[in-house]
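Just so it is clear, the model here is predicted, and its values are computed rather than measured. Values reported hereafter were calculated over all heavy atoms of this structure, with side chains retained and with hydrogens, waters and symmetry mates removed.
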Amino acid sequence: MATSTARTSGIATASFNVRSSKKASVIAPQHAFVSGQRAGSVKACFRNRRASKLERQAVVTTATATQDSSKAKTVSNITVRDPDAPLSKSVLSVILGGGAGTRLYPLTKQRAKPAVPIGGAYRLIDVPMSNCLNSGISKIYILTQFNSVSLNRHLARAYNFGNGIRFGGEGFVEVLAATQTPTDKEWFQGTADAVRQYTWLLEDIKNKGVEDIIILSGDHLYRMDYSEFIQTHRDTNADITVSCLPMDDSRAADFGLMKIDDTGRIIDFAEKPQGEALKAMKVDTTILGLDKEAASVSPYIASMGIYVFKKSALVQLLKEDFPSCNDFGSEILPGAKDNMHLQAHLFSEYWEDIGTIKSFFDANLALAKQPPRFEFFDANSPIYTSPRFLPPAKIEKSSVKDSIISHGASLEECTVNEAIIGLRSRIGKGAQIDKAMVMGADYYESAADREKLIEAGKIPVGIGENCVISNTIVDKNARIGPNCVITNKDGIEEARHEDQGYYIRSGIVTIFRNATIPAGTVI
């Protein structure tokens, strides 16, 4: 029987249909349980979530700070932002779908990075999407380019962007694909170029009330209230605000670092500095809110790659000041620091860049640890995903420890330890899964179909009997025959065997999507 440390993944799901301009119709999710707690629907989230600071109170700024606000009311020498103009009206989010994702290959062979499954039942894009919705941001564009079919399908099912989202404002979720136009004949050349090609849309009449634009990445794992981020941006009257992480000496050299003055204004950038150049980037992080003890351990601040721009500043930078620069982090921001106000905003909670096979694998296994550093369930800020209406997981005479078992999975007389078992996974008798991620399947095979496959000498979807799998990612719809041993027992760091259905990167074996691994294979 499953031990008490096994968990089935709780998933907050919703589908939106427009009924009026004032209310969203929500199809209630299939309620799952996470450690005895139930995931809430989007409607419950908006009813119960903590109100953002910008919605709870009027924000007082100087008159010059709110010249673009049509809602502003001028009183004497100050301007008071209308408390009835929430983020859903004044902020627009742009989520970057990412490039080709070569560092995550082969997981990105047939899908975009933000569409890569994570945590058993989610996709990476669900993280920034849910953060936006939980923060009250309802105007969302997603820019896509590479292998975007599965990403577009997931967004359509989970957030119904075709019909739009409206909850107290004129919200929408729209996918913007890379296209060739009379003025832009190239595909996206970088993060800044992707946004530049759609600046005409940011200036469109339907976005006339937008004051600030938040730029997000589609391949990070974290939970963040963006309203606090935007609060910093507006309180300091910044043109650009960069969210940053406190960083210690051991990791600082791996990131793009920033230097600030005693007001938190950014005055310098350095990309992965070493030696004396690294030491020169030390800052007093108590300025941004850390206590003295934490500041002494983490004397650096690293960019998270997410930004808030004044809309007017963003358009000016992309079209006038730096029309040939293609990247925000390495070109636009360093170039803008002398003529614009760049402000740092500290984020000191869990954050992980899921950019490599190793970071992806480690972040997934960490979800099953007790207690986890990050958990998808949160009563106030759940992570949403597509509604699938699958049955509960079935665990028969199996030992399961410190693992996440997703909906529709079937485990039969097997052992699962520190693993992620995805949707519709099938684990056969006698199998041993240890420190591995099994993504599951996109469909079920009936018992009759499985019998026919076996009789024909073929392999059904799932993990066969008596397999031993560890240090491995098994992508969706993989067919692994009985008596296979996939552990990378020789400790190989890098190997490419695409014709045999697997790669080894950073010592981690990855079985390709739809691959077939013959019975008795040893990797």
Side-chain angles (χ1 to χ4, degrees), residues 2 6-13 15 27 29-34 39 107 109-111 115-123 126 149-151 153-154 156-158 364 385-398 400 403-416 419-431 433 436-467 469 472-482 484 486 501 511-519:
R7 295 180 292 150
T8 55
S9 60
I11 311 172
T13 61
S15 175
I27 298 175
Q30 50 177 7
H31 287 303
F33 288 81
V34 181
L107 299 179
K109 181 181 180 180
Q110 297 177 331
R111 58 169 78 91
V116 172
I118 188 172
Y122 301 86
R123 296 187 185 246
D126 291 326
V149 173
S150 62
L151 175 61
R153 184 188 305 122
H154 175 74
R157 291 174 176 173
N364 270 279
T385 192
S386 174
R388 298 182 179 91
F389 309 107
L390 293 172
K394 179 181 178 181
I395 303 174
E396 181 182 347
K397 298 178 182 179
S398 297
V400 180
S403 297
I404 293 176
I405 313 298
S406 301
H407 291 95
S410 176
L411 284 64
E412 184 178 3
E413 298 182 30
C414 60
T415 300
V416 177
I420 306 293
I421 306 299
L423 299 162
R424 305 183 189 87
S425 293
R426 293 188 68 98
I427 313 296
K429 289 182 179 180
I433 312 297
M437 180 181 185
V438 180
M439 289 187 177
D442 292 317
Y443 55 90
Y444 281 120
E445 288 178 337
S446 68
D449 289 338
R450 295 176 66 84
E451 288 296 327
K452 288 179 181 179
L453 287 169
I454 293 171
E455 289 175 2
K458 297 181 180 180
I459 301 171
V461 169
I463 311 299
E465 295 183 359
N466 302 313
C467 286
I469 297 177
T472 299
I473 300 170
V474 181
D475 206 341
K476 284 194 169 186
N477 309 326
R479 302 170 185 267
I480 298 179
C484 289
I486 306 175
I511 306 299
F512 278 62
R513 184 172 183 264
N514 300 319
T516 298
I517 306 299

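- The shortest side-chain heavy-atom distance between R426 and P460 does not fall under the 4.5 Å cut-off.
- Although no hydrogens or angles enter the test, the distance criterion places a donor-acceptor pair under 3.5 Å between the side chain of R388 and the main chain of A121.
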Check your understanding: Under the side chain to side chain contact (heavy atoms under 4.5 Å, CB included) criterion, do L453 and I459 qualify, and how do the steps go?
Key -> CA-CA 6 Å; L453 287 169; I459 301 171; over 6 Å; no
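- Shortest non-hydrogen contact noted between R157 and S386 is CB-OG, 3.6 Å.
- Expressed to the nearest 0.5 Å, how far CD1 of I517 lies from SG of C467 amounts to 10.0 Å.
- A donor-acceptor pair under 3.5 Å is formed between the side chain of S406 and the backbone N or O of G120.
- Between I433 and L411 there is no side-chain heavy-atom pair separated by less than 4.5 Å.
- Once rounded to the nearest 0.5 Å, the distance linking CD1 of I480 with OG1 of T472 reads 8.0 Å.
- Atom CG of L423 and atom OG1 of T385 lie 8.0 Å apart (nearest 0.5 Å).
- In this structure, the salt bridge (charged side-chain N to carboxylate O under 4.0 Å, His left out) partners of E412, at least two apart in sequence or on a different chain, are K429.
- Shortest non-hydrogen contact noted between I420 and G119 is CG2-C, 3.9 Å.
- The closest donor-acceptor contact from the side chain of N466 to the backbone of A431 lies at 3.5 Å or more, if one exists at all.
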Practice item. Please test Y443 against N477 for side chain to side chain contact (heavy atoms under 4.5 Å, CB included), starting from the C-alpha separation and ending with a verdict. Key: CA-CA 8 Å; Y443 55 90; N477 309 326; 3.7 Å; yes
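- Residues forming a side chain to side chain donor-acceptor pair (under 3.5 Å) with Q110 (at least two apart in sequence, or on another chain): R513.
- Scored by the salt bridge (charged side-chain N to carboxylate O under 4.0 Å, His left out) test, E445 finds R450, R479 as partners (sequence neighbours excluded).
- The backbone N or O of T415 sits nowhere less than 3.5 Å from a side-chain atom of S398 that would complete a donor-acceptor pair.
- Smallest separation of non-hydrogen atoms from T516 and P518: O-CD, 3.7 Å.
- Of all non-hydrogen atoms in S425 and G440, the two that sit nearest each other are OG-CA, 3.1 Å.
- Residues passing the salt bridge (charged side-chain N to carboxylate O under 4.0 Å, His left out) test with K109 are E498, sequence neighbours excluded.
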Exercise for review: Let me see the working for I473 and M439 under side chain to side chain contact (heavy atoms under 4.5 Å, CB included), right down to the final yes or no.
Suggested key: CA-CA 8 Å; I473 300 170; M439 289 187 177; 4.0 Å; yes
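- For the side chain to side chain donor-acceptor pair (under 3.5 Å) test, residues two or more places apart in sequence or in another chain that qualify with D475 are R111.
- Between A441 and R424, the shortest heavy-atom distance links the atoms O-NH1, 2.9 Å.
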Point to revise | side chain to side chain contact (heavy atoms under 4.5 Å, CB included) evaluation trace for D126 with H154 | key: CA-CA 9 Å; D126 291 326; H154 175 74; 2.8 Å; yes
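- The two atoms that bring P387 and A158 nearest to each other are CD-CA, 4.3 Å, heavy atoms only.
- Under the salt bridge (charged side-chain N to carboxylate O under 4.0 Å, His left out) criterion, no residue pair touches residues 453-462, with sequence neighbours excluded.
- Rounding to the nearest 0.5 Å gives a distance of 8.5 Å between OG of S410 and CD1 of I427.
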